[in-house]
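To find a chain, count down the sequence lines: A is the first, B the second, and so on, and within it residues start at 1. Keep in mind the model is a prediction, meaning the values are calculated, not measured.
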There are 2 protein chains.
Amino acid sequence: MTTTPSRAEATRARLLEAAVVAFSEKGFHGTTTRDIAGAAGMSPAAVYVHHRSKEELLFLISRQGHQQALDTVRAARARTPDPVGQVAAVGRAFAEFHAHHHTVARILNYELAALSEEHRATIDELRTGIDRELRDLVREGVAAGVFDTPDPALAATALASLGIDIARWYREDGEWTPTQIGDYYADLALRLVGADASGVSGRPGSSSC
Amino acid sequence: MTTTPSRAEATRARLLEAAVVAFSEKGFHGTTTRDIAGAAGMSPAAVYVHHRSKEELLFLISRQGHQQALDTVRAARARTPDPVGQVAAVGRAFAEFHAHHHTVARILNYELAALSEEHRATIDELRTGIDRELRDLVREGVAAGVFDTPDPALAATALASLGIDIARWYREDGEWTPTQIGDYYADLALRLVGADASGVSGRPGSSSC
DNA sequence: CCTCGGTTACTAAGCGCTTGCTTAGCGTGT
DNA sequence: ACACGCTAAGCAAGCGCTTAGTAACCGAGG
């Protein structure tokens, strides 16, 4: 299916990448179509050869980013049936995602209000999917008696919140790498839900016995 | 000093309140001076009778909000010399602040890029002050041997992050009240730094023995 | 008491500029 | 020959902010 990318496809991608950088730095409303075109090395009109509107660029970025985030959470859960192992894996993967993709992640979480009504509905479905994964995970751990938390739904919210806010404070030249943050947040997720960390492998892929 | 507020002062306050609502809903760049004036029930030109520019409105909101946040953290720490009690009090107070003042708090954390260079420097000082309080708190708890965390600086960052992100997800018609969130986050702060919760009073003001 | 000059709090109108987006046309590769 | 990828130029609308002017209120003089 995926053949050699045509010139047009490469230009589309350049415009999208330029939009990601601009939107995450200055916000959707703080970015002009001339900013995007200029950063992609093109004239202002080039944007409209490949995309319907500035808002469509935002939607394409947001949909792909949310799908990736959802996939990341599902993949982390799928690695083990054990809720304790799952919460550590999700804590790590979700944190690493928001650190590594912090530019996109800022757009995902702070530019929702700039989406059109229809596009917003599509994105909301993906966000509900992520939220459901986390709520189910905490609920299962509590049901299995391996989590100890005074409010499972709020714990799931706090777990998501903790990861998402990394996109706000993370700096590429900061104190920590995405991997270090992932290590710390795997442990933090276990503390948050009140799980016993013993027996949980430190890194994905390593054996637990 | 504070006499009966003049008509002009009341109008200034109305404009500021309208700006808070508009900025937090649509962002600084998504808000027009006509939006603000209209919400305050005035003509567009009225904004400039009381304020130099739209950016000055943002700065006034941001400076007052950051000062309040810093005061809140300092007050929570001042209630006890015990690091364990302090981290519970700060976890509670910081969370309650961001839930209760979620509109202002969104502006504080998501509109920093819209400030002028000079104004940004002033705000950064206040933010550094908050960060220092939290880092000092975790460092002291670790030094006293009552906290157990693999990375004290990252723990302080996560503690701040947890509170700040409440401003993003909190809804007035949501599942939890600011007080409920405060209760949960007091406990969560203790878990985050690895402190033993026994002996910490559940609510500020109640006796611990 | 009323009147009057000055101050205060505000608005109607609009200026210069930027915005998102369109149109008409040109150069290039096949 | 002709479709494709792109640009130069520009339009209508909306932006932050300014200017000129007006209605409402003030203490002081008659």
To the nearest Å, give me how far apart CE (A:Met42) and P (D:dC6) are.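 Result: 4 Å.
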Partner set under salt bridge (charged side-chain N to carboxylate O under 4.0 Å, His left out) for A:Glu56, not counting sequence neighbours: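 Partners of A:Glu56 by the salt bridge (charged side-chain N to carboxylate O under 4.0 Å, His left out) criterion, ordered by chain and then number, come out as A:Arg52.
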State whether the side chain of B:His102 and the backbone N or O of B:Ala99 hold a donor-acceptor pair below 3.5 Å, judged by distance alone.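 At least one qualifying donor-acceptor pair exists.
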Donor-acceptor pair, side chain of B:Glu111 and main chain of B:Phe28, under 3.5 angstrom: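 Yes, because the side chain of B:Glu111 sits within donor-acceptor range (under 3.5 Å) of the backbone of B:Phe28.
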Hey, which of A:Arg127, A:Arg139, A:Arg77 is the one that makes salt bridge (charged side-chain N to carboxylate O under 4.0 Å, His left out) with A:Glu133?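 Going through the options one by one, the only one that passes is A:Arg77.
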Give me the ring orientation class for A:His101 and A:Phe97: parallel if the planes are under 30° apart, tilted from 30 to 60°, perpendicular past 60°.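 If you compare the ring of A:His101 with that of A:Phe97, the planes turn out tilted.
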Short side-chain N/O contact from B:Thr11 to OP1 or OP2 of C:dA9, under 4.0 Å: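 Indeed not, no polar side-chain atom of B:Thr11 lies that close.
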I'd like to compare against my own output: the B/S/- annotation of nucleotides 15-21 of chain C with a strict under-4.0 Å heavy-atom distance to protein. ----BBB
